[in-house]
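Single-structure report; data block below.
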Amino acid sequence: MIKFKSLINTIPLPIKLFLGKALLFFFVWKFIYVIFLYDSKFIDYPLTTHVGEASTKSLNSLSSMNGFISKRRITSSIYEGELKKREASQIYHNNKLVLNIADSCNGLELMILYIGFIVCMPSGFWRKVLYIILGVIIIDVINISRCMGLIYLREYFHAYFDFAHHYLFKATVYTATFLMWMVYARKIHLKNETIQIR
């Protein structure tokens, strides 16, 4: 216990402030999401629908592939004897289901994680606003590209689909987010953060 306290005391105060803000941001977001947003689908419904529609429109117009449509559907399954219903954007290619985009895959959690980092770091207000807007747009575009890639793999290279879905594309999205944080943090010095106590 004493070693843990001494370890905590060795962490510089600006780092403690950042970690405290980040933890508070995380708990506030989770509370708001679980209590008010999860069941209402207030954010998830339009975002998941957008990702599905943007993926199909991009594939139909930007590639030689066509015949893709996106539909919002509720699917049912039995898990441990209990009926579970899940709403998702389903992508069809020539009336054949090729991809389910669940709410958990719409990029919202990653956007919130990215925003939380920006909000908790010391910087000017307008710089934060600029990086939040640009970052959210970039994460959205990357997520749409990820879905397009998964659809392509499902159609033409099915053997690589699971690996890409569970590892490759996730690593790509998280790496891109980390690089955006690095770009944002390059002009920030935590040691210069001032503390005002009133």
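Using a cut-off of 4.0 Å between Lys/Arg side-chain N and Asp/Glu carboxylate O, Arg72 and Asp44 are scored as not salt-bridged.
Within the 3.5 Å criterion, the main-chain N or O of Tyr184 finds a donor-acceptor partner in the side chain of Arg127.
Taking hydrophobic clusters as Ile, Leu, Val, Met, Phe, Trp and Tyr residues chained together by side-chain heavy-atom distances below 4.5 Å, Leu113 shares a cluster with Tyr33. Using a 4.5 Å cut-off between side-chain heavy atoms of Ile, Leu, Val, Met, Phe, Trp and Tyr, with links allowed through other members, Tyr45 and Ile101 fall into different hydrophobic clusters.
Within a 6.0 Å radius of CG in Asn94, other residues, nucleotides and ligands contribute more than 12 heavy atoms. More than 12 heavy atoms of other residues, nucleotides or ligands lie within 6.0 Å of CZ in Phe25, so this atom counts as buried by the packing criterion. Environment of NZ in Lys16: crowded, with over 12 heavy atoms of neighbouring residues, nucleotides or ligands closer than 6.0 Å.
The aromatic rings of Phe68 and His93 sit parallel to each other, their planes meeting at less than 30°, with 60° as the upper class boundary. Under the 30°/60° scheme for interplanar angles, the aromatic rings of Tyr114 and Trp181 are found to lie parallel.
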### Verdict with supporting geometry, Met180 and Ile139, side chain to side chain contact (heavy atoms under 4.5 Å, CB included)
CA-CA 10 Å; Met180 288 190 292; Ile139 290 169; 3.5 Å; yes
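Seen from the ring of Tyr131, Lys128 does not count as a face-on cation partner, given the 6.0 Å and 45° thresholds.
Side-chain rings of Tyr156 and Phe161 stay apart, their centers remaining 6.0 Å or farther from each other.
Side-chain contact between Val129 and Phe125 is present, with heavy atoms from C-beta onward closer than 4.5 Å.
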